[in-house]
Structure formats: C-alpha cells, structure tokens
Amino acid sequence: MEKREIIICIILAIVTTNLIRILPMTLIKGRIRNVFLRSFLYYVPYVTLAVMTFPAIIETTLSPLSGVVALIVGIFAAWRGAGLFPVAIISCAIAYLMDNVLFT
C-alpha cells in the first residue's frame, strides 16, 4: 500500500468514526420520549460488550468446549448471586482445568 492510500484510509476512518458520534447529537434535539427507543438505547452498550466478549470466551481456549462450559458455569454462578470477581475466578479455573487436565 502506498503512503497516499494509507492517508486516505486513515481520513476515512476518522470521518466515519466521528460521523457515528456527532450525527446523533446534532439530529436529536431534546429528550427522547419514545419508550421503545429509550429502552433500545439503554441496552446498546450491554449488547455491544456481549458481542465482543462471548466469541473471545469460546475461541481463546484450547478447545471450544472448555470455553462453552466455563461460560455456562460462569452464567450459573452469576445467576446464583456470585460477584464479578468470583465468577471470573470460577470461569478461569474451569477453562484451565478442562484445557490442561481433561484435554491433555
């Protein structure tokens, strides 16, 4: 890739990133009163985090099965009231044990 093409790619990335952030602020004036739209916007950060996190949980282990089992155990532990740190420790321990004890 030439230097000129790299500069064009960087400029396009800057423009698209800023359009996504600036355009809603300039088009939406006042408070959003639509209940559906407000609830949709409320969950956007959580969905974005989940979309980035769940594939990484499954793909970073030696076997996808150990990632899925660790995910299920972590969800169950969180559902039973465990905090963020204990859930992370339990999930990491399950993935480690499955990768290094069962699949070796």
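Source: prediction; values computed, not measured.
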Establish whether [X] and [Y] are linked, either directly or via other cluster members, by ILVMFWY side-chain heavy-atom contacts under 4.5 Å.
X   : Y   : result
Y46 : F40 : no
I58 : I72 : yes
L71 : W79 : no
L37 : L27 : no

How many angstroms lie between atom [atom1] of [X] and atom [atom2] of [Y], to the nearest 0.5 angstrom?
X   : Y   : atom1 : atom2 : value
L12 : I7  : CG    : CD1   : 12.0 Å
L23 : N18 : CG    : CG    : 11.5 Å
L41 : F36 : CG    : CZ    : 9.5 Å
D99 : T60 : CG    : OG1   : 8.5 Å
R80 : I75 : CZ    : CD1   : 15.0 Å
I8  : E2  : CD1   : CD    : 9.5 Å

Kindly give the heavy-atom pair with the smallest separation between R38 and I32, and that separation in Å.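 Nearest pair, atom of R38 first, then I32: CD-O, 2.8 Å.
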Do the side chains of I57 and F54 get nearer than 4.5 Å, heavy atoms only?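 With C-beta onward as the side chain, the pair touches.
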Who are the side chain to side chain donor-acceptor pair (under 3.5 Å) partners of T61, not counting sequence neighbours?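 Result, side chain to side chain donor-acceptor pair (under 3.5 Å) vs T61: S66.
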Acceptor/donor pairs from residues 85-95 side chains to any protein atom, 3.5 angstrom cut, sequence neighbours excluded:
from, atom 1, to, atom 2, distance (Å)
S91, OG, A70, O, 3.4
S91, OG, V87, O, 2.9

